[in-house]
Amino acid sequence: MPRGQIGPVLRQLPSTTLSFKFLIMTRVRFAPSPTGYLHIGGARTFIFNWLYARRRGGTMILRIDDTDVVRNTQASLDSIYEGLRWLELGWDEFYRQSERLELHRKAAWAIFEKGHAYRDFTPASEAVENPTGPWLFNPGMRELTRAESDRRAGAGEPFVLRFRVPRESRQEVVVQDHVYGTVSKATGDIEDFALLRSNGMPTYHMASCADDADLRITEILRGQEHLANTFKHVLIFESLGVETPRTAHLPLLMAPDGAKLSKRIHGPVVSVTTYRDAGFLPHAFVNFLSLLGWSPKNDREKMSREELVELFSLDGINRSNAIINFTAEEPFDPKALWLNAEHLRSLHHAELSQRLMPYAEKAGFAGATPDKLRAIAPLIQERMRLLGEVATVADFFFLEPRSYDPGELIPQKGDAAMAAGALRKSKEILSDLPAFDHATLESALRAAAADVKLKTGQMFQPVRVAVCGRKNAPPLFETLEALGRDTVLARIDFALGLL
RNA sequence: GGCGCUAUCGUCUAAGGGUUAGGACGGAGCCCUCUCAAGGCUCAAAUACGGGUUCGAAUCCCGUUAGCGCUACCA
């Protein structure tokens, strides 16, 4: 069983007595069903729950809602763990609904015993549709006497256990949602939903409510798609005789076309692992998602995990859906990219190089070590938006530039002779320099440029291209220093051979 | 179809009766500069529509339109 580590924020909180904690302790849960990969909407729901739990000094629970045996897959479960672990947030308690079925069934039959549920023997194939309004219940089943119901069940006839939604008088089910305020629905518009399937498995509604009650969940933060379900849940909680947890429904994350995010339609961009593989920093990703549907209301954008915890409040959650921007060419929201770049820039060189290692290896940088990456970290840190971009930003530190266009060596308003002249002069100067640090290099090369009457740009470009294989690169002198004299001279020789 | 929810720059959002409707990303331009970045400055860009209420509406009310969700023995 995977364990989430408890974040440092919780450990910093003052400890309270057990009984005091028990009374006010906030308990929230993220309850994915393992029927697909972890997508960014799910990740955001997890993050909001986590932030709320940490803010309140409460408990974050991961509960796998796996009551749909037909659609559950191990691959999906693995993908959820993988995605959540990458977030580096952790969780405090873990449950699987499939291990708690007896609890759910007991709750369902308790509702039945109270007369708030009934057996429906209508075969699934005979379900009737109501073209003019909503389907509410199958005919003849609500009225079955208890004796008749018991007899048919005893005879082995399959049935679904349904909640008996009150229909005698007009009633309203009222929900006080933290985000959407007072929302109500007439019982006349709520169908007799299922509690137990004919195979004896609890439905989502039943399992979810029974577990929320048993786990003493205090607040439910979940996607807005569940807002309409909440009326059913209130009915269940009331029938169970327990208090309904307070709900806060989150506005949904949508695709740029306003449609629901879907892997089938929108591709891998909706999967959390895509962000990881591209080189997002977990806390930058958390920061980005936290800003979708929530605002600290003080114009803060870049926030550390600790700042997010400190600032998080249910009051800052919006009611309208948020669009996450991506295109076929650019799979990541520009703001996500910007935030990641911001967080990348504030990393210590040691941590940056550590985080860079796997991406350097993936890029095939043979000599890449944490030490070497650390040495070049200051040169590439503000030139990357994603860790994966190390492949294109730092290539020449590890691989010999050989395939560039020799024309690139020729500076503005110059010719091959000028480029060759600049390179020869540089080679001469660089060979004799007593030291090879960037300050020495800079003054020497500037003096050399004046010496041969070249503008600095005309002098430096040939060297830069010879050494980096392209015109756009990190600062020249620091780069030369990092590469070392032998490599630099060899590359200048190679370039001279191209001219 | 029925029910529920939502509507501020392209996107994320702030303002909850009185603001030149603010910020950020992205875009454009300028500056800095050995290139690229980063940074600094500037510009363009929004209250869906129609009615009310009010001295005054992005803000409150009604309607329209649009979008989203629920309407399963999925979650």
Side-chain angles (χ1 to χ4, degrees), chain A residues 31-36 65-68 70-71 120 122-124 127 130-136 158-162 175 177 179-181 183-186 188-191 193-205 207-208 222-232 249 251-252 254 256 258-260 288 291-302 316 318-325 330 333-339 341 345 379-385 393 411 442 445-446 449 455-461 463-465 468 470-477:
Chain A
S33 64
T35 55
D65 280 11
D66 54 352
T67 55
D68 185 354
V70 178
R71 300 202 310 158
D120 180 351
T122 311
N130 182 355
T132 58
W135 172 91
L136 290 178
F159 61 87
V160 169
L161 192 71
R162 289 188 186 283
V175 172
D177 191 83
V179 174
Y180 289 91
V183 190
S184 64
K185 186 164 186 168
D189 292 319
I190 303 173
E191 76 280 6
F193 53 94
L195 262 21
L196 253 29
R197 300 179 173 94
S198 55
N199 65 4
M201 285 293 282
T203 60
Y204 158 72
H205 301 300
S208 177
R222 68 199 347 170
Q224 195 237 48
E225 74 264 25
H226 288 295
L227 185 55
N229 287 330
T230 308
F231 302 108
K232 297 171 191 169
H249 285 88
L252 267 20
M254 311 297 284
K260 192 167 155 177
F288 170 66
L291 256 13
L292 258 24
W294 172 77
S295 162
K297 296 181 186 287
N298 57 184
D299 289 342
R300 290 294 304 278
E301 302 272 357
K302 181 197 169 198
N318 291 329
R319 295 192 174 104
S320 47
N321 293 345
I323 289 175
I324 177 157
N325 237 334
E330 179 49 79
D333 192 303
K335 198 155 197 169
L337 253 11
W338 171 77
L339 266 174
R345 279 177 214 130
L379 301 184
I380 59 174
Q381 187 162 32
E382 62 187 28
R383 266 159 271 264
M384 287 187 299
R385 296 174 307 166
V393 170
E442 175 156 12
L445 283 173
R446 279 185 190 281
K455 289 184 175 176
T456 48
Q458 292 175 320
M459 180 75 179
F460 300 157
Q461 181 181 325
V463 180
R464 173 177 294 109
V465 173
C468 303
R470 69 179 105 93
K471 288 196 241 180
N472 300 342
L476 184 59
F477 312 111

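Each chain gets a letter, A, B and so on, in the order the sequences are listed, and its residues count up from 1. Just so you know, these numbers use all the heavy atoms, side chains as well, and skip hydrogens, waters and symmetry mates. The structure displayed is predicted, hence computed values, not measured ones.
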| Side chain of A/Leu292: nearest nucleotide among B/A75, B/C12, B/C5? | B/C12
| request: Identify whether any heavy atom of A/Ser184 sits under 4.0 Å from a base atom; if not, whether one sits that close to sugar-phosphate; answer base, sugar-phosphate or nothing. | output: sugar-phosphate
| query | Roughly how many Å is it from CG in A/Asn318 to C1' in B/U11, rounded to a whole number? | reply | 14 Å
| task | Select base, sugar-phosphate, or nothing to describe what A/Ala473 touches, counting heavy atoms under 4.0 Å on all strands. | result | base
| Minimum-distance nucleotide (side-chain atoms of A/Lys185 versus B/C12, B/A75, B/C3) | B/C3
| Closest listed nucleotide, where the reference is the side chain of A/Pro334 and the choices are B/C12, B/G23, B/G26 | B/G26
| request: Write down the distance between CD (A/Gln461) and P (B/U35), rounded to a whole number of angstrom. | output: 10 Å
| Applying a 3.5 Å limit to both distances, which nucleotide forms a Watson-Crick or G-U wobble pair with B/A48? | B/U64
| query | What nucleotide, of B/C5, B/G2, B/U35, holds the atom closest to the side chain of A/Asp189? | reply | B/G2
| query | Side chain of A/Lys297, base of B/A14: donor and acceptor closer than 3.5 Å? | reply | no
| query | Rounding to the closest angstrom, what is the interatomic distance between B/A46 and B/U11 at atom P? | reply | 12 Å
| task | Assign A/Val160 to base, sugar-phosphate, or nothing according to its heavy-atom contacts below 4.0 angstrom with the strands shown. | result | base
| said: To the closest 0.5 Å, what do you measure between NZ (A/Lys185) and CD1 (A/Ile190)? | reply: 6.0 Å
| Are the side chain of A/Tyr180 and the backbone of A/Arg319 linked by a donor-acceptor contact shorter than 3.5 Å? | yes
| message | I need the single residue from A/Val175, A/Val183, A/Asp177 that forms a side-chain contact (heavy atoms from CB on, under 4.5 Å) with A/His249. Which is it? | response | A/Asp177
| Taking a pair as Watson-Crick or G-U wobble with both distances under 3.5 Å, which nucleotide is matched to B/U53? | none
| Checking only heavy atoms, does the side chain of A/Ser198 share a donor-acceptor pair with the base of B/C73 at less than 3.5 Å? | yes
| note | A correct 5'-to-3' footprint of nucleotides 58-68 of chain B, with B, S and - meaning base, sugar-phosphate only and no protein heavy atom under 4.0 Å, is ----------S
| Distance between the P atoms of B/C60 and B/C68, in whole angstroms? | 24 Å
| Interatomic distance where CD belongs to A/Gln458 and P belongs to B/C34 [whole Å] | 13 Å
| message | Can a side-chain donor-acceptor contact be found between A/Ser320 and A/Asn318 if the only test is distance below 3.5 angstrom? | response | no
| query | For A/Pro475, which contact category applies under a 4.0 Å heavy-atom criterion: base, sugar-phosphate, or nothing? | reply | base
| query | Can you check whether A/Arg446 has a side-chain N or O nearer than 4.0 Å to OP1 or OP2 of B/C34? | reply | yes
| task | Measure from the side chain of A/Lys335, starting at C-beta and using heavy atoms only, and say which of B/A7, B/A24, B/U71 lies closest. | result | B/A24
| Backbone of A/Ser33 reached by a side-chain donor or acceptor of A/Asp65 within 3.5 Å | no
| note | Note: A/Arg383 and A/Leu379 closest approach over all heavy atoms is NE-O, 2.9 Å
| task | Go ahead and name the base partner of B/G1; Watson-Crick or wobble counts if both distances stay under 3.5 Å, otherwise write none. | result | B/U71
| task | Could you check which nucleotide pairs with B/G39 in any of the strands shown, counting Watson-Crick or G-U wobble with both distances under 3.5 Å? | result | B/C31
| Rounding to a whole Å, what distance do you find between A/Glu225:CD and B/A75:P? | 13 Å
| request: With the side chain counted from C-beta on, respond yes when A/Phe288 and A/Trp338 share a heavy-atom pair under 4.5 Å apart, and no when they do not. | output: no
| said: Between B/G52 and B/U71, how many Å separate the two C1' atoms, rounded to a whole number? | reply: 34 Å
| query | Reckon A/Arg319 has a side-chain N or O less than 4.0 Å from the OP1 or OP2 of B/U6? | reply | yes
| query | For atom P, what is the distance between B/U33 and B/C12, given to the nearest Å? | reply | 39 Å
| query | Quantified in whole Å, what is the P atom distance between nucleotide B/A24 and nucleotide B/C62? | reply | 36 Å
| request: Starting at atom CG of A/Leu339, determine the distance to atom C1' of B/A24, rounded to an integer number of angstrom. | output: 9 Å
| message | Measure CZ/A/Phe288 against C1'/B/G26 and give the value in whole Å, please. | response | 13 Å
| request: Return the value, rounded to whole Å, for the distance between atom CG of A/Asn229 and atom P of B/A72. | output: 11 Å
| said: Rounding to an integer number of angstrom, what distance separates B/A7 and B/A15 when you compare their P atoms? | reply: 13 Å
| message | Do A/Thr203 and A/Phe193 make a side-chain contact, defined as non-hydrogen atoms from C-beta onward lying under 4.5 Å apart? | response | no
Shorter than 3.5 Å, N or O on both sides, protein versus nucleotides 37-41 of chain B: list them out with atom names.
residue : atom : partner  : partner atom : Å
B/A37   : O2'  : A/Glu382 : O            : 2.2
B/A37   : N1   : A/Glu382 : OE2          : 3.4
B/A37   : N3   : A/Glu382 : OE2          : 2.9

| message | Let me confirm one number: the CG-CZ distance from A/Leu337 to A/Arg385, rounded to the nearest 0.5 Å. | response | 4.0 Å
| message | Please check this pair: side chain of A/Arg300 against backbone of A/Lys302, looking for a donor-acceptor N/O pair closer than 3.5 Å. | response | yes
| task | Would you give the length of the straight line joining atom CE of A/Met459 to atom CG of A/Leu476, rounded to the nearest 0.5 angstrom? | result | 10.0 Å
| said: Under 3.5 Å for both donor-acceptor distances, Watson-Crick or wobble: does B/G10 have a partner, and if so which one? | reply: B/C25
| field | Atom-pair distance (NZ on A/Lys455; C1' on B/U33), nearest Å | value | 14 Å
| Distance between the C1' atoms of B/C73 and B/A66, in whole angstroms? | 35 Å
| task | Considering only atom P, compute the distance from B/A37 to B/G29 and round it to an integer number of Å. | result | 13 Å
| request: Take A/Arg162 and A/Glu191 through the test salt bridge (charged side-chain N to carboxylate O under 4.0 Å, His left out) and record every step on the way to the result. | output: CA-CA 9 Å; A/Arg162 289 188 186 283; A/Glu191 76 280 6; over 6 Å; no
| remark: Answer for the Watson-Crick or wobble partner of B/G16, both distances under 3.5 Å, is none
| Between B/A75, B/C5, B/C12, which nucleotide has the shortest distance from any of its atoms to the side chain of A/Leu291? | B/C12
| Minimum-distance nucleotide to A/Asn325 side chain [options: B/C34, B/U11, B/A24] | B/U11
| Pairwise distance CE(A/Met201) to CG(A/Asp68) - rounded to 0.5 angstrom | 8.0 Å
